[in-house]
K.L.:
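Take a look at the following structure, please.
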2 protein chains.
Amino acid sequence: MIKYEMIANKIRQRIQDGVYLADSLIPDQVSLAKEFKVSRMTVKKAMDVLAFEGLIFRKRGSGTYVKKTALKNGLNANLMEYEGLTQQLSGHEVKSQVISFTVEFPDDFIKETLMLDKHDPVYKIIRLRTVDGDPYIIEHTFMSVKCIPGLSEEALDTSVYQYIHNELGLQFGGAYRKIHAAKSSEYDQEYLGCAVDDPVLEVEQVVHLEDGTPFEYSRSRNRYDKRSYTVVDLQK
Amino acid sequence: MIKYEMIANKIRQRIQDGVYLADSLIPDQVSLAKEFKVSRMTVKKAMDVLAFEGLIFRKRGSGTYVKKTALKNGLNANLMEYEGLTQQLSGHEVKSQVISFTVEFPDDFIKETLMLDKHDPVYKIIRLRTVDGDPYIIEHTFMSVKCIPGLSEEALDTSVYQYIHNELGLQFGGAYRKIHAAKSSEYDQEYLGCAVDDPVLEVEQVVHLEDGTPFEYSRSRNRYDKRSYTVVDLQK
DNA sequence: CAGTGGTCTAGACCACTTT
DNA sequence: AAGTGGTCTAGACCACTGA
């Protein structure tokens, strides 16, 4: 439907198919505009998309090149976004076991973090995530009831994010994450089945809606031998 | 010089100054185009910049709004990019102590990771980074000599990245990072001065040039009680 | 239905690189 | 000097929102 996306898709396909080789020039914008029968601005916008994805880079006066790493990091880099554990480990049996699901009034920290009034209740969720039966992550989540009404244990079993997006029609606006190493607590050891001297990888995050409203604060403690956190920095 | 950047700067300033309030509408693109005496496309491009920075969001048919979190996360979020430790902790005395600086031929892993021939030498650098005299990070770095010729101990004392950018005139193309928790080794304990049962936060990274050439592989082991890794996800 | 932002055009000028 | 990508214009049409 949208022209510049269709052109971006076609060029991306050509890179993937080796029509345009890594580390070499691709046709100039004027030629591509002629080929696709669009204006040059539209071609440029398609190129902006591919540059954003890290597939190409441009040198003014010189031309547009395919990056050396286009095929290696390229296509899946975008899919590696944080969509929960479910999407990341396809081919394995990923399960969520709800250990507790309650509602309470927020303490001062949660109240400030989620920009709530002290009388606004929050869900408090503790979930154990297992892969092929082995415990990987124990996750403590606080979510604003005001933002996310009608959350049920059923939605927890599948994907909370799908519930928010599909059922409530809300858009995400991003997240702020802090990653630590920590000593495992007895609680971690019990649920993750890790040794007393095993550390854990803790990911603390605040997730926002499109308008900036923070709706979730969570801390997930990951078995250090099973999980790492990856970041792709595309130097925008 | 560039119009859309100047307009973006002015609008950003107005958000910062409270002329445009958080969680409320800003003037439509046609009005702004008239005010700044430019075409609407140019205003839109300025808005694209601010949307990318997470300051505003747009709803087709409705208007352009300032995000609730514009002031809180907004301006510094972009500066928080990875520029080494030096920029992150201003006001403290950050020092780099070079523990070893040698050149050798790459092992198989480094050869593959940096896309080298087995006869291409690499720098091997071990540095201890201290803040106000306290050890924070021990960093093992491998850099391609072919990519970064003429690296000296002098450049290590200040900033390797500045040397690459200013002296060699090379552009960065981003990085791929993997963050783990790990048990501290005797080596860590010696240099970081941490206890036997202290974990470390390990950041493993491959840094690329603009054209995709990987020029650095490094593993930095951080004192778990002093350092964490933060990620801002703007949901592009 | 009026107003909003998103897309697209055809053409212009500019900054820059390469020959 | 020729060719590249970046910016900008004035105007058009579209999809969507909200009164």
Side-chain angles (χ1 to χ4, degrees), chain A residues 1-11 15 20 23-67 70 165 168-171 173 209-211 235-236, chain B residues 1-11 15 20 23-67 70 168-171 173 209-212 235-236:
Chain A
M1 201 62 205
I2 291 165
K3 286 188 185 177
Y4 74 83
E5 278 184 358
M6 285 175 51
I7 294 171
N9 292 340
K10 281 181 179 162
I11 304 289
I15 291 170
Y20 301 149
D23 208 18
S24 63
L25 269 170
I26 73 174
D28 63 278
Q29 296 178 356
V30 177
S31 308
L32 290 170
K34 270 183 199 151
E35 182 195 336
F36 293 113
K37 295 189 177 59
V38 298
S39 76
R40 186 165 75 92
M41 283 291 285
T42 303
V43 170
K44 185 188 173 290
K45 214 167 171 193
M47 294 316 200
D48 289 343
V49 173
L50 300 177
F52 183 85
E53 292 172 357
L55 291 176
I56 62 169
F57 70 102
R58 294 165 286 188
K59 278 200 165 326
R60 188 190 289 209
S62 175
T64 301
Y65 301 81
V66 181
K67 280 201 190 190
H165 196 280
L168 299 179
L170 297 172
Q171 294 293 322
L209 294 176
E210 188 184 29
D211 71 353
Q235 206 85 0
K236 301 306 161 10
Chain B
M1 201 64 203
I2 291 165
K3 287 188 186 178
Y4 74 83
E5 279 184 358
M6 285 175 50
I7 294 170
N9 291 342
K10 281 180 180 163
I11 304 288
I15 291 170
Y20 300 150
D23 209 18
S24 63
L25 268 171
I26 73 175
D28 64 277
Q29 296 178 356
V30 176
S31 308
L32 290 171
K34 271 183 198 150
E35 181 195 335
F36 293 114
K37 295 189 176 59
V38 297
S39 76
R40 186 165 76 93
M41 282 292 284
T42 303
V43 170
K44 184 187 174 293
K45 214 168 170 190
M47 294 315 201
D48 289 344
V49 173
L50 300 178
F52 183 83
E53 292 172 357
L55 291 176
I56 61 169
F57 69 102
R58 294 165 286 188
K59 278 200 167 320
R60 187 190 289 208
S62 175
T64 302
Y65 301 80
V66 181
K67 279 201 189 190
L168 299 178
L170 297 173
Q171 294 292 323
L209 295 176
E210 187 184 30
D211 71 353
Q235 206 85 1
K236 299 308 162 7

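The sequence lines fix the lettering, A, B, ..., with proteins before strands; numbering per chain opens at 1. When reading the values below, keep in mind they use all heavy atoms of this one structure, side chains included, and skip hydrogens, waters and symmetry mates.
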K.L.:
Strictly by salt bridge (charged side-chain N to carboxylate O under 4.0 Å, His left out), give each pair with a member in residues 31-50 of chain A just once, sequence neighbours left out.
P.N.:
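As it turns out, the salt bridge (charged side-chain N to carboxylate O under 4.0 Å, His left out) pairs with a partner in residues 31-50 of chain A, which skip direct neighbours, are A/Arg14-A/Glu35, A/Lys44-A/Asp48, A/Asp48-A/Arg58.
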
K.L.:
Could you grab the distance from atom CG of A/Leu32 to atom OG1 of A/Thr42, nearest 0.5 Å is fine?
P.N.:
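Reported to 0.5 Å precision, the distance equals 12.0 Å.
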
K.L.:
Tell me which of A/Lys59 and B/Ser62 sits closer to the 5' end of DNA chain C, going by the nucleotide each one is nearest to.
P.N.:
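The 5'-side residue here is B/Ser62.
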
K.L.:
Using the heavy-atom set of chain A and a strict 4.0 Å cut-off, write down the first and last nucleotide of DNA chain C that makes it in, 5' to 3'.
P.N.:
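With heavy atoms of chain A under 4.0 Å away, the range is C/dT7 to C/dT17.
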
K.L.:
Just jot down the side chain to side chain contact (heavy atoms under 4.5 Å, CB included) partners of A/Glu5, sequence neighbours excluded, or say none.
P.N.:
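A/Glu5 satisfies side chain to side chain contact (heavy atoms under 4.5 Å, CB included) with A/Ile2 only.
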
K.L.:
Using the side chain to side chain donor-acceptor pair (under 3.5 Å) criterion, which residues pair with A/Lys59? Sequence neighbours excluded.
P.N.:
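Counting only residues at least two positions away or on another chain, A/Lys59 forms a side chain to side chain donor-acceptor pair (under 3.5 Å) with B/Glu210.
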
K.L.:
Taking only residues two or more places apart in sequence, or in another chain, which ones meet B/Met41 in a side chain to side chain contact (heavy atoms under 4.5 Å, CB included)?
P.N.:
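Counting only residues at least two positions away or on another chain, B/Met41 forms a side chain to side chain contact (heavy atoms under 4.5 Å, CB included) with A/Met41, B/Ser39.
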
K.L.:
Heavy atom of residues 32-47 of chain A under 4.0 Å from DNA chain D: which residues?
P.N.:
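The answer is A/Arg40, A/Met41, A/Lys44.
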
K.L.:
Of A/Gly61 and A/Tyr4, whose nearest nucleotide on DNA chain C comes first from the 5' end?
P.N.:
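Counting from the 5' end, the first nearest nucleotide belongs to A/Tyr4.
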
K.L.:
Please enumerate all residues that pass side chain to side chain contact (heavy atoms under 4.5 Å, CB included) together with B/Asn9, with sequence neighbours excluded.
P.N.:
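Result, side chain to side chain contact (heavy atoms under 4.5 Å, CB included) vs B/Asn9: B/Arg12.
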
K.L.:
Under the ring-ring contact (aromatic ring centres under 6.0 Å, His included) rule, collect the residues that match up with B/Phe57, sequence neighbours excluded.
P.N.:
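Result, ring-ring contact (aromatic ring centres under 6.0 Å, His included) vs B/Phe57: B/Tyr65.
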
K.L.:
My understanding is that only residues two or more places apart in sequence, or in another chain, count here; which of them pass side chain to side chain donor-acceptor pair (under 3.5 Å) with A/Gln171?
P.N.:
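In terms of side chain to side chain donor-acceptor pair (under 3.5 Å), with neighbours along the sequence ignored, A/Gln171 is linked to no residue.
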
K.L.:
For A/Gln171 and D/dC16, what is the distance between atoms CD and P respectively, to the nearest whole Å?
P.N.:
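About 13 Å, once rounded to whole Å.
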
